[in-house]
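As structure tokens, the structure follows; a few thoughts come after it.
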Amino acid sequence: MSPLRIAIVGFGKIARDQHVPAIAVTEGAMLAAVADPNAALPGVPHAPTLAALLRDGPPIDAVAVCTPPQVRRAQAALALAAGKHVMLEKPPGATVGEIGPLLTAAAAARHALFATWHSRFAPAVEPARQLLAGRRITAVRITWKEDVRVWHPGQDWIWQPGGLGVFDPGINALSILTRILPQPLFVTSADLCFPANRDAPIAATLALSDAAGLPISAEFDFRQTGPQSWDIHFDTDTGPVTLSSGGAKLSVGSEQHVDAIKAEYAGLYRRFVELTATGEIDVDLAPLQLVADAFLLGRRRTVEPFEDKA
Ligand code: NAP
């Protein structure tokens, strides 16, 4: 079978760091083109926009939308209308509601639509899910704190409406949480810290629960310098379980069970190729819904202005 010809739309940090190498190692996939207003990859056909690529570029079968979230829906709609399979970087959109028409279009055309949650493909997440399925969880604590200047330098979109601010990384923790816990979860309170000069939060404290009252807390902070934390602690009836390093490490009590290099994007592309074979949809909006509800319920505090340069 000829390989799936994929165009990357939005050729920024994540496209370069993860999508290009992952496509290169995925059987049945090839990078056919790049669409981005300013960035290109030597040796790969380029167009400034997806519309121009669809009009003048080489033939493609699928599009990976790696733009900022605010413009993702429009790119995905264009690709689906042109008969392409679509992979969406996380978050799948800037709002929950805008995904509905994409689902309708993909189903009608029988084209794959894949809302990726890369953290769910971290190596310790599935072992943790299986281990915890056999235990009674009594409490969950998420600590997701990173230095925005290190991980998102110069990314103005992250501070604009729809850019999510600290929920851009925080939603990764919520994607793991909602993968591991099968029951519906909901936000019960949220405190959001907005820099005086920005339209998205720099820190957030959430409380979540389920129908049985499970206490879940989450601390998200973009102002972390020094050691970075991407940890989820589970208290269980038979002792503590910790998923750390963004899902790369699993500790059960004092024993280390999984400690692996993260290779999430190869897993995402294997899944995408599978979905395109049958034109399937894989879209779980639970993490985005939790973030939207945190904005709905959130108590807002104004904190000191944030400048990209310290
Ligand atoms: P980025 O470095 O700012 O890259 C985004 C790219 O998209 C830029 O080159 C931008 O061009 C381009 N773009 C904007 N609008 C476009 C359009 N309409 N058509 C084509 N290209 C367009 O951002 P990023 O860090 O790669 O993040 C992109 C997405 O990936 C975000 O949703 C983020 O949450 C997700 N993600 C990022 C990371 C990470 O570590 N960075 C990890 C996982 C997931 P201009 O700059 O010229 O506007």
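Atoms within a ligand are numbered from 1 in the order they appear, just like the ligands themselves.
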Taking a cutoff of less than 4.0 Å between a non-hydrogen atom of the residue and any ligand atom, is [X] in contact with ligand 1?
X: Asp168; result: yes
X: Pro69; result: yes
X: Arg72; result: yes

Calculate, to the nearest 0.5 Å, the distance between atoms CZ and CD belonging to Arg198 and Gln160 respectively.
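Reported to 0.5 Å precision, the distance equals 8.5 Å.
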* Could you tell me the separation between the CZ atom of Arg129 and the CD1 atom of Ile180, rounded to the nearest 0.5 Å? =>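 It comes to 8.5 Å.
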### Task
Would you mind checking which non-hydrogen protein atom is closest to atom 24 (P) of ligand 1, with the distance to 0.1 Å?
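Atom 24 (P) of ligand 1 sits closest to the protein heavy atom Gln155 NE2, 3.6 Å.
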List the closest protein heavy-atom neighbour of atom 3 (O) of ligand 1: residue, atom name, distance to the nearest 0.1 Å.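 Answer for atom 3 (O) of ligand 1: Trp157 NE1, 2.9 Å.
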Of the side chain and backbone of [X], name the one, both, or neither that has a heavy atom under 4.0 Å from an atom of ligand 1.
X: Val71; answer: side chain
X: His118; answer: side chain
X: Phe11; answer: backbone
X: Ala74; answer: neither
X: Thr67; answer: both
X: Phe167; answer: neither

request  = With heavy atoms of Cys66 as the reference, note each atom of ligand 1 found under 4.0 Å away.
outcome  =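 Result: 5 (C), 28 (C), 29 (C).
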- request: Please could you name the atoms of ligand 1 that Asn38 approaches to less than 4.0 Å, counting only its heavy atoms?
  value: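 Once the distances to Asn38 are compared, the set is 47 (O).
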Review point. More than 12 foreign heavy atoms under 6.0 Å from CZ of Arg270: is that the case here?
Key: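 No, not enclosed.
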Open item on the list: Take a 6.0 Å sphere around NZ of Lys249 and say whether it holds more than 12 heavy atoms from other residues, nucleotides or ligands.
Closed with: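 Open.
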- Would you confirm whether the ring centroid of Tyr269 sits within less than 6.0 angstrom of the ring centroid of His19?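 Here the rings of Tyr269 and His19 have centres that are less than 6.0 Å from each other.
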Taking the six-membered ring for Trp, are Trp151 and Trp144 closer than 6.0 Å centroid to centroid?
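No.
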- From the options Gln75, Glu89, His152, select the one whose nearest heavy atom is closest to atom 18 (N) of ligand 1.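 When every heavy atom of Gln75, Glu89, His152 is considered, Gln75 comes closest to atom 18 (N) of ligand 1.
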Exercise for the section: Could you check which of Asp17, Val9, Ile14, Asp36 puts a non-hydrogen atom nearest to atom 36 (N) of ligand 1? Expected result: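 Heavy atom nearest to atom 36 (N) of ligand 1 belongs to Ile14.
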Practice problem: Check whether Leu80 and Leu53 end up in the same hydrophobic cluster, where Ile, Leu, Val, Met, Phe, Trp and Tyr are linked by side-chain heavy atoms less than 4.5 Å apart. | Solution: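 Looking at the clustering, Leu53 is in the same group as Leu80.
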| task | Take the angle between the ring planes of Phe295 and Phe167 and call it parallel below 30°, perpendicular above 60°, tilted in between. | result |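 Because their plane-to-plane angle lies in the 30° to 60° range, the rings of Phe295 and Phe167 count as tilted.
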Looking at Glu219 and Arg141, is any side-chain nitrogen of the basic one under 4.0 Å from a carboxylate oxygen of the acidic one?
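Answer for the salt bridge query: no.
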